Asks: 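Got a structure for you, written out below as structure tokens; questions coming shortly.
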Amino acid sequence: MNELLSQLNDQQRAAVEYIDGPMVVFAGAGTGKTRVITYRIAYLLNLGVNPYNILAVTFTNKAAQEMKDRLVKLFHQKAENVWVSTFHSLCAKILYTEAKNFGLKKNFVIYDENDSIKLIKECMKEVSIQPTNFSVYDIYELICRAKDNLIDPESYKINAVVSHQYHREIIAEIYSRYQKKLVQNNAFDFNDLIMKTVELFKNEKFVEIKNKYAQRFKYIHVDEYQDVNYSQVVLLKILSSIHHNVCVVGDDDQTIYSWRGSNVNYLLNFKKDFSTKDVEVKEFKITQNYRSKKTILDVSNMLINHNKYRVEKNLFSNIEGEFKNDIKIKQCEHEYDEAEFVAKEILKLQQTEKFCNSAVAVLYRTNAQSRVFEEVFSEYKIPYKIVGSVAFYDRKEIKDIIAYLRVLVNPEDSVSLKRIINIPSRGIGETTILYLETLAKENKTSLWEQIVKIDNTELSLKVKNSVWKFLSLYDLLKKYKDTMYPSEFIKFLIEKINYIEMIEENNRFENKTERMSNIEQLVDIAKNFEVQNNISTIEEFLNSISLFTTADTEEKIEFKNQNQKLKEVVLMTLHSAKGLEFDVVFIVGLVEGVLPIWWVTGTDVGYKNFNIPYDEKNMFYELNYVNIEEERRLCYVGITRTKKLLYLTYYLKRRLWGEEKHCLPSRFLEEILDGYKESSATHTDIISDVQEVEKIDYLTTGEFVVHDKFGVGKVVDIVREPPYDKIVVLFQNGQRKKLSFQHAKLKKLKGYNINQ
DNA sequence: CGGCACTCAGTTTTT
DNA sequence: CTGAGTGCCG
Ligand SMILES: Nc1ncnc2c1ncn2[C@@H]1O[C@H](COP(=O)(O)OP(=O)(O)OP(=O)(O)O)[C@@H](O)[C@H]1O
């Protein structure tokens with residue numbers, strides 16, 4: 001026990017030892033917030049608390065697994081029984097376990113974004129008035145945000161009506177239909193998991209079930225509390241309604257998911273929200289950063305200090321460093337040069353004694369950026385691991401197999417049924433399905449019912465024959481479904497549906513092996529689940545796999561005949577890097593338009609959706625609201641992942657849609673460089689062995705520019721036309737031109753600035 | 001019904 | 001430029 005506490009500083013220990021009553025640890029990056037949660041749980045276990053009574057909520061499944069592993073090491077095997085999971089997994093498990101009590105069918109499926117979008121498309125076809133200016137994805141987002149805020153279709157409609165928002169009424173109609181369809185399909189989407197759980201817990205009828213959980217969770221912990229949304233807070237309140245023992249940790253500077261409905265105010269208002277009549281929330285702060293060198297912490301501060309809406313923290317680090325060794329800024333000509341620079345630096349580092357075994361990460365704003373790095377790393381034979389990117393489960397083969405499994409578990413799942421009914425081709429095409437769907441609607445039954453009752457239809461014998469064949473295959477598979485482990489069953493399934501033959505026919509010449517290997521990987525994943533998570537049924541496997549996505553999945557690329565086994569470089573988005581740490585970090589693509597992303601360049605805070613007419617923008621703030629500060633935080637999160645060595649790189653040109661585009665260095669770089677000027681460090685400290693950063697200021701209206709051809713002109717307007725801003729310039733010769741600043745024919749005239 | 005060719009939209013981040 | 005999605009034709 002003492003050994004446990006000795007691994008903490010005074011501030012951390014105080015938080016760990018405070019175990020009666022709600023508490024919040026509000027502290028900056030790298031101060032050991034996650035460590036506090038982990039050690040607090042270990043501490044509780046040591047005090048003899050039953051692991052069964054402890055809950056810990058993490059942001060990703062991977063983080064959950066890591067915390068579990070850590071707990072087992074700190075305590076012992078019994079720690080396995082601590083419930084550590086994400087909000088989504090937690091709810092999925094509750095719904096699954098309590099299905100019967102809640103009056104739900106246990107064989108529900110969890111729809112991912114793609115499934116949901118298919119369903120929404122169907123709904124949109126059904127409504128007479130089309131919501132112009134909205135993509136299916138926009139609607140999906142709107143529905144997600146509604147669910148994050150526990151707004152059901154009825155309330156959504158009422159809100160729309162009373163606020164005279166006609167467009168929202170259409171959305172409400174689609175939302176309502178979508179929700180009905182989900183029920184018909186016996187499916188939940190991601191946000192339903194939480195919304196439904198809350199809904200059921202709130203229902204008087206189920207008060208006993210609610211109390212069972214509230215009674216059980218004597219100690220609740222939540223990591224990354226700055227990124228929770230309303231529904232999660234409500235759930236937390238319910239779960240803590242008996243013991244009021246909630247311990248949350250968070251850092252307002254690391255809020256990077258507000259686009260997903262999270263709100264930092266829940267962290268800032270935790271005290272108000274969770275204090276009770278008897279106990280007030282106890283607040284803790286930690287000020288020592290254990291992760292990063294002083295220098296890196298300094299740089300992170302230079303950046304984040306530019307955010308207006310934040311709570312000042314006085315972080316310090318005791319790890320000495322030297323600017324010129326620890327932070328490198330590099331300008332590259334082209335995106336490809338940047339990747340090459342990174343590759344060469346990594347190879348160089350691996351030659352050094354200091355960094356040969358280091359954890360190295362390349363962090364970027366968008367998944368698309370990984371591509372260049374993948375190419376170049378392959379060329380340089382640098383092994384890498386890519387987190388996220390094209391989700392494994394987005395691959396055709398995987399989707400097919402999963403869809404088969406889903407239909408076997410839950411034939412009412414029409415999205416999956418429609419996917420697989422003709423894979424491989426068995427002569428049941430679109431027209432047949434359309435016919436059966438109409439029939440289903442008329443008879444108020446499901447597609448599946450109609451398929452089963454195919455005899456009573458007027459379809460041709462040929463089609464009927466195909467359906468009969470399909471049904472007998474279905475019966476066969478169903479018969480064996482529960483006799484094997486998921487991994488075995490997948491193999492069995494593939495064989496029975498002749499899937500391999502289909503792949504061979506469809507891909508006679510190319511990527512056959514890749515497709516085969518995907519299937520093999522799925523079998524491996526299933527096996528892993530069986531061993532690691534103690535999963536033995538298809539149902540459990542499906543539930544886990546639906547929630548185990550992007551940030552949890554990684555793809556490893558190794559290279560043979562490697563003289564020594566190099567540690568693989570990790571490639572991922574800044575979002576996925578949350579909570580992690582690396583010795584060496586490359587933040588790449590630091591250009592305006594990428595980081596910060598293009599639609600926030602120009603307005604600091606504003607609305608992004610260009611399709612929606614101006615006067616409607618305010619109405620859909622949840623879709624359009626953007627904020628430069630969140631981009632800055634993203635960059636900040638990247639920097640603070642770094643322990644020892646940080647590279648910030650950018651380029652002047654990149655290829656976009658087959659065209660070369662000019663880029664400007666990110667304002668974040670400039671902010672950091674400005675910070676340098678003010679600090680004791682000199683300019684040359686930071687960019688010792690790299691090129692001088694080209695200083696380019698940002699144009700605002702009223703400023704003057706000079707153009708190669710048109711001469712001097714005044715900027716009269718800035719037009720935000722994706723993907724780049726354009727400026728409207730009134731030249732001295734009277735010509736008015738709309739120009740892209742990207743085309744370097746334009747230079748700013750400094751002395752001319754008459755604005756202020 | 002299925003396969004091929006053409007169009008066009010698109011790069012934000014994820015449970 | 002790519003990939004998904006649609007439409008047309010055999
Ligand atoms: N008291 C301590 N002694 C030694 N190392 C510590 C101590 N506290 C934290 N650390 C180390 O500091 C690093 C950061 O800890 P942790 O990930 O828990 O911080 P965090 O506050 O959750 O970070 P972030 O919010 O940036 O993700 C870890 O490597 C951890 O092991």
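Naming convention: chains lettered A, B, ... in sequence-line order (proteins, then strands); numbering from 1 in each chain. Note that this is a predicted model, so its numbers are computed, not measured.
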Asks: Could you check how far CE of A:Met572 sits from C1' of B:dT14, rounded to whole Å?
Replies: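 It is 14 Å, rounded to the nearest whole Å.
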Asks: Report the residues that fulfil salt bridge (Lys or Arg N to Asp or Glu O under 4.0 Å) with A:Arg633, sequence neighbours left out, ordered by chain and then residue number.
Replies: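 Listed in chain order: A:Glu630.
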Asks: Which one, B:dT15, B:dT13, B:dT12, comes nearest to the side chain of A:Thr60?
Replies: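 Nearest to the side-chain atoms of A:Thr60, counting from C-beta on, is B:dT15.
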Asks: Report the distance from atom NZ of A:Lys121 to atom P of C:dA4, rounded to the nearest whole Å.
Replies: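 Between P of C:dA4 and NZ of A:Lys121: 12 Å.
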Asks: Strictly below 4.0 Å: does A:Asn229 bring a side-chain N or O up to OP1 or OP2 of B:dT15?
Replies: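 False: A:Asn229 side-chain N/O out of range (4.0 Å or more) of B:dT15 OP1/OP2.
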Asks: Does A:Arg371 come within less than 4.0 Å of A:Glu374, counting only side-chain N to carboxylate O?
Replies: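 No salt bridge links A:Arg371 with A:Glu374.
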Asks: Taking salt bridge (Lys or Arg N to Asp or Glu O under 4.0 Å) as the cut-off, I'd like each qualifying pair that reaches into residues 257-266 of chain A, sequence neighbours left out, listed once.
Replies: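 Output for this query is empty, none listed.
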Asks: For A:Asn422, report the nucleic acid contact type (base, sugar-phosphate, nothing); a contact means any heavy atom under 4.0 Å.
Replies: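 A:Asn422: backbone/sugar contact only, no base atoms under 4.0 Å.
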Asks: Counting side-chain heavy atoms from CB outward, which of B:dT15, B:dT13, B:dT14 is closest to A:Tyr257?
Replies: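 Given the options B:dT15, B:dT13, B:dT14, the side chain of A:Tyr257 is closest to B:dT14.
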Asks: When you measure from the side chain of A:Arg371, which nucleotide among C:dT2, B:dT15, B:dT14 comes out closest?
Replies: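 Selected nucleotide: C:dT2.
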Asks: For A:Glu113, answer base if it contacts any base atom (sugar-phosphate contacts may also be present), sugar-phosphate if it contacts only those atoms, and nothing otherwise; contact means non-hydrogen atoms under 4.0 Å.
Replies: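 Base contact - A:Glu113 has a heavy atom under 4.0 Å of at least one base atom.
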Asks: What integer distance in Å separates A:Tyr336:OH from C:dC1:C1'?
Replies: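 Rounded to the whole Å, the gap is 10 Å.
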Asks: Select from A:Glu630 and A:Ile433 the residue whose nearest nucleotide in DNA chain B is closer to the 5' end of that strand.
Replies: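 Closest to the 5' end, via its nearest nucleotide, is A:Ile433.
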Asks: Using modelled atom types and a 3.5 Å cut-off, is there a donor and acceptor pairing between side-chain atoms of A:Asn307 and backbone atoms of A:Tyr309?
Replies: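 No, the answer is negative, given that no donor and acceptor are paired below the 3.5 Å cut-off.
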Asks: Between B:dT14 atom P and A:Asp148 atom CG, what is the distance in whole Å?
Replies: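 Between P of B:dT14 and CG of A:Asp148: 16 Å.
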Asks: Any donor-acceptor pair under 3.5 Å joining the side chain of A:Arg260 to the base of B:dT13?
Replies: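 Donor-acceptor pair under 3.5 Å: no.
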Asks: Examine distances only and state if a side-chain atom of A:Ser370 and a backbone atom of A:Asn367 form a donor-acceptor pair shorter than 3.5 Å.
Replies: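 Yes.
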Asks: Under 4.0 angstrom, heavy atoms only, what part of the nucleic acid is A:Thr432 near: base, sugar-phosphate, or nothing?
Replies: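 Here A:Thr432 touches the backbone only, sparing every base.
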Asks: Taking atom P of B:dT15 as reference, at what distance in whole Å does atom CG of A:Leu235 sit?
Replies: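 Whole-Å distance recorded here is 18 Å.
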Asks: Roughly how many Å is it from CD in A:Glu631 to C1' in B:dT12, rounded to a whole number?
Replies: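 Going from A:Glu631 (CD) to B:dT12 (C1'), I get 8 Å.
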Asks: I'd like the C1' distance from C:dG5 over to B:dT12, given in whole Å.
Replies: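 That atom pair is separated by 22 Å.
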Asks: Rounded to the nearest angstrom, tell me the gap between atom CG in A:Asn114 and atom P in C:dA4.
Replies: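 Whole-Å distance recorded here is 11 Å.
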Asks: Nearest-Å distance, CD1 (A:Ile597) to P (B:dT12)?
Replies: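 Rounded to whole Å, this separation is 6 Å.
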Asks: With distance as the sole criterion, do the side chain of A:Tyr137 and the base of B:dT14 form a donor-acceptor contact below 3.5 Å?
Replies: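 Yes, a donor-acceptor pair under 3.5 Å.
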Asks: Salt bridge check: are A:Arg145 and A:Glu141 linked by an N-O gap of less than 4.0 Å?
Replies: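 The answer is yes: the pair qualifies as a salt bridge.
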Asks: Look at A:Asn191 and B:dT15 and indicate whether a side-chain polar atom (N or O) is within less than 4.0 Å of OP1 or OP2.
Replies: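 For B:dT15, OP1/OP2 do not have a side-chain N/O of A:Asn191 under 4.0 Å.
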Asks: Any side-chain N or O of A:Ser576 below 4.0 angstrom from OP1/OP2 of B:dT13?
Replies: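 No, outside the criterion.
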